[in-house]
Amino acid sequence: MCGVFGIFGHPEAANMTYLGLHALQHRGQESAGIVSSDGERLYGHRSMGRVQSGFSPADLATLLGDRAIGHVRYSTAGGSHLRNAQPLGVDYARGSLAVAHNGNLTNHETLRERLEARGSIFQTASDTESIVHLIAISKKEQLRDRVAEALQQVEGAYSLLFLTERELIAVRDPRAIRPLCLGEVPSANGTARVVASEPTAFDLIGARKVRDIAPGEMLIISADGIRSEFPFAPESRKLCIFEHVYFARPDSTIQGVSVYEVRKAFGRRLAAEQPVEPGEGDLVVIPVPDSGVPAAIGFADRARAPFEMGLIRSHYVGRTFIEPQQSIRHFGVRLKLNPNRAAIEGKRVVVVDDSIVRGTTSRKIVKMIRDAGAREVHVRISSPPTRWPCYYGIDTPTRSELIASTHSVDEIRSYLTADSLGYLSLEGLVESVRAIEVREGDAASARPSADSYCHACFSGSYPIPFTPTAPARQLRMVSG
Ligand code: AMP
């Protein structure tokens with residue numbers, strides 16, 4: 001998964017982009033990059049790792065100009081190498097172009113083969129590069145027409161930002177699978193336009209969210225102002241529901257809907273669908289922090305049981321180079337989470353998390369809670385079993401590694417050593433988001449139907465036909 005940020009018309013464009021990426025860091029920690037422009041040429045810096053460690057004040061000072069785009073990456077296509085870091089930048093016959101992409105193209109291999117057959121030479125293993133080649137070979141005069149022509153040949157999920165010397169173009173795919181929103185911030189030059197994956201990036205720089213970018217919309221931002229076009233055939237909206245489950249920050253809104261409110265609604269519905277006997281005042285609801293917190297609040301509210309911080313999260317977990325010689329069980333999870341005996345001992349514990357992927361974390365958590373003196377451990381998950389890989393930009397393992405694709409709920413319960421295990425139903429998931437979207441939608445036309453969401457990771461119902469292909473080729477050269 002990735003996060004993108006762009007700004008046009010601000011004297012401190014690179015610094016603002018740095019801050020915007022900082023607020024989007026949860027969307028990818030593998031690499032970060034910024035490309036800016038002063039209207040004459042493009043300036044770029046990319047680095048492996050997090051934004052904070054990848055950009056020094058001296059690096060930022062080289063990124064001149066009043067416009068910039070930035071990217072944080074969590075690789076889904078192409079390996080984890082600096083050469084695959086974004087924004088990708090190229091010089092071609094018509095000038096310079098940089099691109100930042102969140103999503104995943106499903107016809108990437110076919111496109112690449114076609115482009116290579118006609119002579120294109122790829123520099124990276126990333127799917128995004130196909131878009132750059134398609135733009136470069138387009139015969140259209142205007143950049144926006146070349147971008148539109150390129151994207152008309154692309155299938156999959158994309159929230160994209162393009163930067164040239166003169167324009168910033170933002171595009172959201174016709175199904176609006178990944179989020180993208182528009183904002184504005186006062187600047188010495190008047191009003192600067194900002195675009196970001198999530199509005200949390202606006203909060204940090206004092207920008208105001210104007211609106212979500214619509215499905216299939218292309219925004220062209222230049223010194224002449226902002227203009228909106230819809231160059232693609234319309235499709236029905238398929239917003240990724242996993243953004244609401246796990247990916248987006250809880251203080252974000254997606255399509256005007258608070259992620260925090262949605263997660264609490266998941267928790268309330270989960271408590272109704274998968275109740276735990278209240279007992280005699282000895283039941284506590286604890287979240288797996290941070291991902292399970294809002295759902296656990298909703299669960300506790302509905303179950304009328306106290307919400308307690310039964311697991312305490314260390315905020316200083318990075319890589320550790322000191323590992324005990326003698327094996328300490330659960331060492332990895334303990335670095336991040338430690339049970340809080342005062343909240344757990346002698347209690348019947350409901351532990352709420354957003355999802356189970358491989359099941360390894362949940363298994364260790366159940367053991368930790370039991371060892372800390374819990375009498376019973378009931379696991380509740382605020383989404384359905386994750387059974388299918390995502391081809392639209394979320395990094396999920398192959399089917400064989402997803403515990404729910406090969407095991408029944410009761411087999412998973414037994415593997416976790418939990419007293420009970422309950423997942424939210426698919427209907428409960430969709431209806432919880434939809435109820436809030438319908439409440440917030442001001443016009444009947446803006447109200448989503450139950451099939452306005454992509455939930456392929458839970459249902460296997462993929463909105464875009466996809467033929468799995470050979471894994472992406474890895475370039476052997478080591479980039480600097
Ligand atoms: P596990 O079952 O041990 O593989 O880990 C499950 C945990 O990983 C869940 O609690 C989620 O909060 C988190 N998670 C779910 N999906 C992802 C993802 N695509 N990338 C990173 N973490 C995830």
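Computed from heavy atoms alone, side chains included, the values below leave out hydrogens, waters and symmetry copies. Here the structure is a predicted model, which means the values were calculated and not measured. Read the numbers this way: they start at 1 and go in the same order the structure lists the ligands and their atoms.
- For Asp419 and Arg370, the salt-bridge test passes: some basic side-chain N is under 4.0 Å from an acidic carboxylate O.
- Only the side chain of Asp353 comes within 4.0 Å of ligand 1, counting heavy atoms alone; its backbone N, CA, C and O stay farther away.
- Remark: side-chain polar atoms of Gln274 are not paired, donor with acceptor, to backbone N or O of Arg380 under 3.5 angstrom.
- Backbone and side-chain nitrogen or oxygen atoms of Ser362 are examined, and none is located within less than 3.5 angstrom of a nitrogen or oxygen of ligand 1.
- A salt bridge links Glu198 with Arg27: the distance from a Lys NZ or Arg NE/NH1/NH2 to an Asp or Glu carboxylate oxygen falls below 4.0 Å.
- Residue contacts with ligand 1: Asp395 is included, with a non-hydrogen atom under 4.0 Å away.
- Counting only distance, with no hydrogens or angles, the side chain of Glu273 and the backbone of Ser425 share a donor-acceptor pair below 3.5 Å.
- Between Ile356 and ligand 1, no pair of N/O atoms sits closer than 3.5 Å.
- Residue Val357 holds the heavy atom nearest to atom 8 (O) of ligand 1 of all those in Val333, Val357, Ile365, Ile381.
- Salt-bridge annotation for Arg172 and Glu217: absent, with no side-chain N of the basic residue lying under 4.0 Å from a carboxylate O of the acidic one.
- Under 4.0 angstrom from ligand 1, the non-hydrogen atoms of Ser355 come from both its backbone and its side chain.
- Each of the following atoms of ligand 1 lies closer than 4.0 Å to a heavy atom of Ile394: 19 (N).
- Of the charged side-chain nitrogens involved, none lies within less than 4.0 Å of a carboxylate oxygen, so that Asp301 and Lys264 do not count as a salt-bridged pair.
- Residue Phe247 does not touch ligand 1, judged by heavy-atom distances below 4.0 Å.
- The nearest protein atom to atom 14 (N) of ligand 1, hydrogens excluded, is given as Tyr246 CZ, 3.6 Å; this is a heavy-atom distance.
- With respect to the salt-bridge test (charged N to carboxylate O, under 4.0 angstrom), the residues Glu277 and Arg348 do not qualify.
- Of all protein heavy atoms, the one lying nearest to atom 20 (N) of ligand 1 is Tyr74 OH, 3.5 Å.
- Between Arg112 and Glu109, no side-chain nitrogen of the basic residue sits less than 4.0 Å from a carboxylate oxygen of the acidic one, so the salt-bridge criterion is not met.
- Ranking the protein heavy atoms by distance from atom 4 (O) of ligand 1 puts Arg358 N, 2.8 Å first.
- Atoms of ligand 1 lying under 4.0 Å from at least one heavy atom of Ser291, given by number and element, are 12 (O).
- Nearest protein heavy-atom neighbour of atom 12 (O) of ligand 1: Asp354 OD1, 2.7 Å.
- A salt bridge is absent between Arg175 and Asp173; no separation between the charged side-chain nitrogens and carboxylate oxygens falls under 4.0 Å.
- When heavy-atom distances to ligand 1 are checked against a 4.0 Å cut-off, Ile403 has no atom that comes that close, whether in backbone or side chain.
- Atom 5 (O) of ligand 1 has Thr361 OG1, 3.3 Å as its closest protein atom, hydrogens excluded (heavy atom only).
- A 4.5 Å side-chain heavy-atom check between His101 and Val4 finds every atom pair outside the cut-off.
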